[in-house]
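First comes the structure, then the notes that go with it.
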Amino acid sequence: MSIKLELQNVTYYYGKGTAFEVKALDNVSFAVKERSITGLIGHTGSGKSTLAQLFNGLEKPTEGKVLLDGADIWDKKYKGGRLCFRVGLVMQYPEYQLFEETVFNDIAFGPRNKGMSEDEVKQLVMDAVSFVGMTPEILEQSPFDLSGGQKRRVAIAGIMAMQPEVLVLDEPAAGLDPAGRADIFAGIKRYRDTTGASVIIISHSMEDMAEYCDDVIVMHKGKVMLTGPKDSVFADSDKLVAAGLDIPQITRVMRLLKENGLDVDASVCTKDQAVAELIRAFKLK
Amino acid sequence: MKNIALGQYYPARSPLHRMDPRIKLIIAVLYIVAAFLCKNLLGFALLAASVVLLVILSRVPLKTVLGSLKMVVFILVLTVAINIFLTKEEGAEPLWSFWIFEVYTKGLYSALFIALRILSMIIGTCMLLTYTTTPIALTDALERLLSPLRHLKLPVHEFSMMMSIALRFIPTIMEEAEKIMAAQKARGAGFTEGNLIKRIKSLIPILIPLFASVFRRAFELATAMTCRCYRGGDGRTRMTTMRMHAMDIIVLIVSVAALAGIVSCNYWNIGYTL
């Protein structure tokens with residue numbers, strides 16, 4: 001699979017040159033594959049949210065390069081068009097950015113800024129609403145009358161409606177109940193499967209990462225600690241535990257089983273894999 | 001957004017920082033009165049000396065003090081120019097004239113005095129209040145000074161609570177505004193393009209979520225305060241008590257004496273008088 005988005009030796013300071021200078025990212029390099037869902041994990045303050053704003057050009061790296069389809073987005077000769085339409089960013093608690101009178105108009109804000117015709121806008125809004133699993137009746141309502149989970153989905157639909165090639169979501173499921181979380185992640189998966197976009201999900205929930213991601217990048221103190229397909233990252237669970245990070249519950253159970261003498265692969269991180277692994281182990285006995 | 005200077009409190013340990021905020025507030029008022037009553041050179045000399053004294057006592061670096069004057073440079077230059085060129089002195093020879101402009105001695109003096117007045121007023125009140133007193137201490141002091149008005153059924157406590165809350169939430173709301181701006185930029189909103197009407201319209205996607213969030217915060221804060229049994233000023237005691245020390249009394253007496261000095265200078269007409 002080819003590479004969609006790449007960071008090369010990116011270093012980022014907040015307040016460079018002032019007394020409050022903070023190094024948020026330290027020589028960070030990684031690549032995000034086309035059509036993949038990549039999880040970005042780390043503690044609070046590990047530089048995750050800073051990364052999110054680098055992806056779509058809201059912030060400029062102090063040093064290093066951000067490459068989209070191999071082209072440096074900060075190069076003077078960059079001709080990739082306006083970046084915010086190519087790399088869609090759903091910020092934390094996106095429901096607080098809703099402002100229009102109807103859900104339709106709010107979702108249409110992005111596509112209209114992109115300069116689409118009203119017919120195209122209508123189609124894009126319809127698509128976005130179906131991605132997030134909502135029905136068209138909601139389009140005539142005021143976004144301020146919706147429930148928290150619904151608002152969140154409308155806000156995510158607002159970014160999806162721009163049909164970005166890379167969709168970045170910062171803690172998309174924070175503060176939602178399990179059903180709400182599942183809805184959000186199902187929507188993200190539907191978007192990837194339909195449009196073929198790359199998705200980057202920022203989270204600190206190992207469960208969600210294990211469940212929905214293909215690749216995982218682990219950030220620790222502004223540096224990349226681990227990166228790769230999720231199985232290989234969770235196989236390094238010792239390293240995650242040493243860094244004080246959580247590991248998925250399933251992986252934790254499998255690690256305990258292995259420590260207690262059952263010959264299983266301790267790197268599995270989803271329920272289905274675990275079931276298969278346990279059946280195999282017991283058959284061997 | 002970050003360069004909006006609001007509440008430029010400069011944390012330091014100095015005699016001015018330690019002073020009772022109530023006294024500082026009173027002195028600041030006296031100070032402004034003094035600056036306006038000043039009419040002759042000796043009075044202005046006293047005023048200028050007290051500004052220097054305040055700056056030294058506050059232990060705020062000179063660079064910071066001068067930085068706060070950036071905002072008033074324009075007003076200062078304008079008033080000085082108006083005073084120099086538009087003051088007419090009957091029966092006196094102009095010092096210098098060009099086209100319709102004529103400069104008289106009186107104009108030069110009045111320009112000098114007005115400049116000293118503005119400068120000393122701004123530096124003096126900044127030293128006494130914004131630099132050395134936290135906004136919360138200031139509203140607290142205001143509440144106590146105004147508390148006799150309670151008997152006239154004026155909601156003094158509620159008024160100062162509103163002030164404190166407003167001041168407390170300025171940084172929070174600025175942060176919120178920055179976040180919303182970033183979020184709308186990520187949806188392709190532009191804030192710097194087009195004509196005036198277009199630019200005003202482009203603020204709607206920021207202002208509406210901002211107002212929504214301000215109201216949400218207000219309701220949340222009200223609930224949180226109710227949960228902690230807040231029910232207004234009656235019978236509330238305070239965590240910090242303000243005590244006047246000997247120093248405060250001395251400073252107050254000195255300030256009143258200085259004001260009296262300035263007023264009496266006006267009678268004796270020492271130096272050039274307007």
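These figures come from a predicted structure and were not determined experimentally. Below, chains carry the letters A, B, ... as their sequence lines are ordered, and counting in each starts from 1. Reckoned from all heavy atoms, side chains included, excluding hydrogens, waters and symmetry mates.
- Both the backbone and the side chain of A189(B) come within less than 4.5 Å of a heavy atom of chain A.
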Considering only heavy-atom distances, could you tabulate the donor-acceptor pairs under 3.5 Å between chain B and chain A?
residue	atom	partner	partner atom	Å
Q184(B)	NE2	Q97(A)	O	3.0
R187(B)	O	N113(A)	ND2	3.0
R187(B)	NH1	D106(A)	O	2.9
R187(B)	NH1	D106(A)	OD1	3.2
R187(B)	NH2	D106(A)	OD1	3.1
G188(B)	O	R82(A)	NH2	3.4

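- For H245(B), the side chain to side chain donor-acceptor pair (under 3.5 Å) test picks out no residue, with sequence neighbours left out.
- Listed by chain and number, the residues in a side chain to side chain contact (heavy atoms under 4.5 Å, CB included) with V214(B) are I173(B) (sequence neighbours excluded).
- For CD1 of I197(B), the number of neighbouring non-hydrogen atoms (other residues, nucleotides, ligands) closer than 6.0 Å is 12 at most.
- Atom CZ of F159(B) is surrounded by 12 or fewer heavy atoms from other residues, nucleotides or ligands within 6.0 Å.
- With a threshold of 4.5 angstrom between heavy atoms, L58(A) approaches chain B through side-chain atoms but not through N, CA, C or O.
- Around the OH atom of Y230(B), the shell of radius 6.0 Å holds more than 12 heavy atoms that belong to other residues, nucleotides or ligands.
- Looking at every heavy atom in both residues, C84(A) comes nearest to G188(B) through SG-CA, 3.6 Å.
- Surrounding CE of M244(B) are at most 12 heavy atoms belonging to other residues, nucleotides or ligands under 6.0 Å away.
- Under the ring pair (Phe, Tyr, Trp, His ring centres under 6.0 Å) criterion, the residue pairs touching residues 105-129 of chain A are F99(A)-F109(A), with sequence neighbours excluded.
- Here L98(A) is the residue among L89(A), I159(A), L98(A), L83(A) with the most heavy-atom pairs under 4.5 Å with chain B.
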